[in-house]
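Hydrogens, waters and symmetry mates play no part in the numbers below; they use all other heavy atoms, side chains included. Chain letters run A, B, ... following the sequence lines, proteins first and then strands; every chain starts at 1.
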Protein chains: 2
Amino acid sequence: MMLTDRQLLILQVIIDDFIRSAQPVGSRSLSKKENIPFSSATIRNEMYDLEEMGLLEKTHTSSGRVPSEKGYRFYVDHLLSPQALKKKDMSQIQSIFADRILEIENVVQRSAEILSQMTNYTSIVLGPDHHENKVKSVQIIPLNLESAIAIIVTDTGHVENKRFTIPPGLNPEDIERMVKILNDKLTGTPLVELQDKMYKEVALFLKRHIANYDLMIEAFAQIMNIPVHDKLFFGGKMNMMNQPEFNDIDKLRMLMDVIDSEDYLYPLIKETSGSGIQIRIGKENNNEALKDVSLITASFPVIGGQSGSLAILGPTRMEYSRVISLLNVISMDLSKALSTFYDRDDK
Amino acid sequence: MMLTDRQLLILQVIIDDFIRSAQPVGSRSLSKKENIPFSSATIRNEMYDLEEMGLLEKTHTSSGRVPSEKGYRFYVDHLLSPQALKKKDMSQIQSIFADRILEIENVVQRSAEILSQMTNYTSIVLGPDHHENKVKSVQIIPLNLESAIAIIVTDTGHVENKRFTIPPGLNPEDIERMVKILNDKLTGTPLVELQDKMYKEVALFLKRHIANYDLMIEAFAQIMNIPVHDKLFFGGKMNMMNQPEFNDIDKLRMLMDVIDSEDYLYPLIKETSGSGIQIRIGKENNNEALKDVSLITASFPVIGGQSGSLAILGPTRMEYSRVISLLNVISMDLSKALSTFYDRDDK
DNA sequence: TGTTAGCACTCACTAATCACGAGTGCTAAA
DNA sequence: TTTAGCACTCGTGATTAGTGAGTGCTAACA
C-alpha cells in the first residue's frame, strides 16, 4: 500500500483531529486548516481513495470520515512521530520517584495512579513476578495455643504471611526447632520451588527432629501455596466513564466486567514482558467487550532477568503518541526504581 | 400522623411495588391486586390523602405515585416486617463461614463480596479497628547492608510490615539486641500507643545498649506510624450500574467519586459501631451525590469491646426488608467468626 | 357517610414530519 | 490535476399529533 505525501498528511490530520474531538471530520473543515492548502473537493477525492484503501470509514452515507481500525494501525505503524513529553508531564512523573518509597507495591501502585491521572484512561501495572524471589527468612509467631502466623520474607522485601492451626502435640520448643530447620533449608529457595522442596528435602529432615512432623508439613505446605497470579494494579478504572464512546451504560458495563474479572487482561499484560511496546487496536483484542478500545502495553526489565509490565486501556481513539511516550518514560523509571529492590547485594 | 389500616395497606403495597418495578404505581393497577378489594377511585382518594401527608409523590400531574423520602422513612420505621430470609440465602451465607478461613481480612472481604452479590447493591465492610490490637511480636529481617524489613505481628494475627533503611554503623548484633529489647518492651502494647512508648520508654533503654540508637528510633518510629484509617472493603462497586436510577452516566460518576474517595463514607460507617442498624435515606445522607441512595449500616461487636461495621449502599428504592435481614444475619456471623481471632487465650 | 362509576383533563412517550446543515459524489471548467 | 458548483444524503433538533395510563372531581349508590 503506497500513499502519496498528500494522502499521508490528510490521513494524519484526520486521525489527529478525530482523536481530539471524537467527531467525524469533513472535507470542508479540513480545508480550512492552515497546513492544508487544498480545496475541500480535492480532499474529498483523497478521502475517497483513503476510504477505498480501508483506512477511513463513514458513519453514514453523507457523514465525515472516521479512522478505521486499519487506519489506526497504519497511523501507529507509520505516522506516529515519537513526540517528546512536555516539561510539566516529565516533572509530574519524576515526582513518583522523587520521594524514596520503600515498598515495591507502593511504587507500582503509584505508577498506575499517575499514569491514569495523566492520560485520563485506565492504567494497569503488573509488578515483577515474585515467584522467582528467594526466601530470605522464615518466621513462625505463635498467637495462642491453637494458631500461629507463618511469615516468609523474600530477598526483595516482599512479605507473605498466613495464619495456620498448630497441629496438636507440638510444643514451643518444637516450633523453635522447626523455624531453625526451615531457615537452614529454605533460605535462598525461589518461592516457586518452595512446596516441592518442602516435601522432598525438608520433610526428611523434620522427620528426625519433630513429633507430628507430617501434620506440620501439611499445614506449612498450604501456606506456601502462593497465588499463581500476581496482582494487577489498576489506576483510573472509572476513567472510561469520561470517554464519549462509553456513554452507553451497557457498553460500559461490558467493559468493566472484563476489566474487573482480570482473567482476560492478565495473560495479555503478562505476555508482554520483555518485548517492548505492543499495541492492540479494537478487534485485535479478540474480545467483544474490548472491540472499541486499544490496549498499549510496555514492559520494564529489572535486574536479574525479571520484568514487569504496564498498560494503558483507552478508546481506539486514543492519544497514541502521548501514551507511548509516557509508557516509555515510566517503564524506564520503573526499571531503575525497582532494580534497586532486586539488586541482591547480600552480605 | 395517624393512618387508617387501609392507608397503611395501600402505602405498603405501593412501596413494595415500586421497589420491585421502579415504575410509578397507579390506582388502577393497584385495584387489580387480589389483596386490594377497593375500587381504583377509592384508592385514588387514599392516595390523595397519603400525598397530602407527604408520604407519596407524583413525578408529574397525571402520573402514578412514587414513595417520597418521608414515605420510605415511614415504611422503614413502621411498616417493615422483619421478613425471614429464604433458605437459599441462608445457606449461601453459611458458605462464607463454612470453610475455616484463617485471616481476618479474608473473612471481611468475602463478606463484602457475598453481601453485594446477594443484594445487587454495593456493600462496604469495615473490620474491627486494629489500633487497639496488642503487639505480639516484633521482627527485623535484614535484606542487605542498607535495608531491612520490620515486621509487627499483633495478637489478632494482623501483620504489619515496612521496609526501612538501616542507619549506618549498625551491625547485625545491634539489630539482634534491638529486636530483643523491642520484644521485651513492646509486647502487649496496643498499636496506638506504640509510637509514644517507643519514644518514652524504649528510647531510654536503647540508649544504653545500641550505638546510633537515635537514628534507629527515628527509622522505627516511622514504621509504627500505622495508617489512621482502617481499610474499607467494598463489594460490587459496579452494581450501581444495574440500577435504573443510575442510567445517567453523570449521576453514576458523581456517586462513584464519593464511593471511591472514601472520605465521606468512612466516618459514616465508622460511627455506626455499636449502635445497631442505622438507615439513612436519600437526602438524610447530606450529600448531593448520595441524594438518591440509601445507606444501611450495621455493626458487629467482637470479643474485647471492639466492633466492626458493614453497610449496604443502594438506591432509595431498596429492598429494605431483605437488606436488613441480611445485615442482621451476617453481622451476627461476623461477630462470631471474628471473635475467635480476638479471643486472647494466651498461654 | 363511605364507596364507586363516569368523565374530563393532564402529560410522558412515541412516531411522523419538516427544515437545516454539514457532509458527500459527480461533472465540467480552469 | 485541481477546483467550483450542484444535487443528493442523512443525522439532528424542533414541532406536531395520537395514545394511554394516570389523575381529580362530581354524582350516584349502598
| note | By ring-ring contact (aromatic ring centres under 6.0 Å, His included), B/F74 pairs with (sequence neighbours left out) B/H78
| ring-ring contact (aromatic ring centres under 6.0 Å, His included) partners of B/Y72, counting only residues at least two apart |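 B/Y72: ring-ring contact (aromatic ring centres under 6.0 Å, His included) contacts with B/Y320.
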| request: Would you indicate whether the side-chain heavy atoms of A/L290 and A/V293 approach each other to under 4.5 Å? | output: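 Side-chain contact under 4.5 Å: yes.
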| Beyond-backbone contact of A/L252 with B/L252, side-chain heavy atoms, under 4.5 angstrom |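 A side-chain contact under 4.5 Å exists here.
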Do any N or O atoms of the protein come closer than 3.5 Å to N or O atoms of nucleotides 18-20 of chain D, and which pairs are they?
none

| said: Please determine whether a side-chain nitrogen or oxygen atom of B/R6 lies at a distance below 4.0 Å from atom OP1 or OP2 of C/dT3. | reply: yes
| request: Inspect the contact between B/D260 and A/K237 and indicate whether a charged nitrogen and a carboxylate oxygen are less than 4.0 angstrom apart. | output: no
Using atom types as modelled, flag every donor-acceptor pair under 3.5 Å from a side chain in residues 7-20 of chain B to any protein atom, sequence neighbours excluded.
| unit_1 | atom_1 | unit_2 | atom_2 | d |
| --- | --- | --- | --- | --- |
| B/Q7 | OE1 | B/T4 | N | 3.0 |
| B/Q7 | NE2 | B/E46 | OE1 | 3.3 |
| B/Q12 | NE2 | B/D16 | OD2 | 3.4 |
| B/D16 | OD1 | B/Y75 | OH | 2.7 |
| B/D17 | OD1 | B/R20 | NH2 | 3.0 |
| B/D17 | OD1 | B/K33 | NZ | 2.5 |

| Separation of B/D17 atom CG from D/dG22 atom P, in whole Å? | 10 Å
| task | Measure from NZ or CZ of A/K270 to the centre of the six-membered ring of A/Y266 and say whether it is under 6.0 Å with the direction within 45° of the ring axis. | result |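 No; the conditions do not both hold, so A/K270 does not lie above the ring face of A/Y266.
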| Sequence neighbours excluded - ring-ring contact (aromatic ring centres under 6.0 Å, His included) pairs with any residue from residues 34-67 of chain B | none
| Tell me, which of residues 24-60 of chain A have any heavy atom that sits under 4.0 Å from an atom in DNA chain C? | A/G26, A/S27, A/R44, A/M47, A/Y48, A/K58
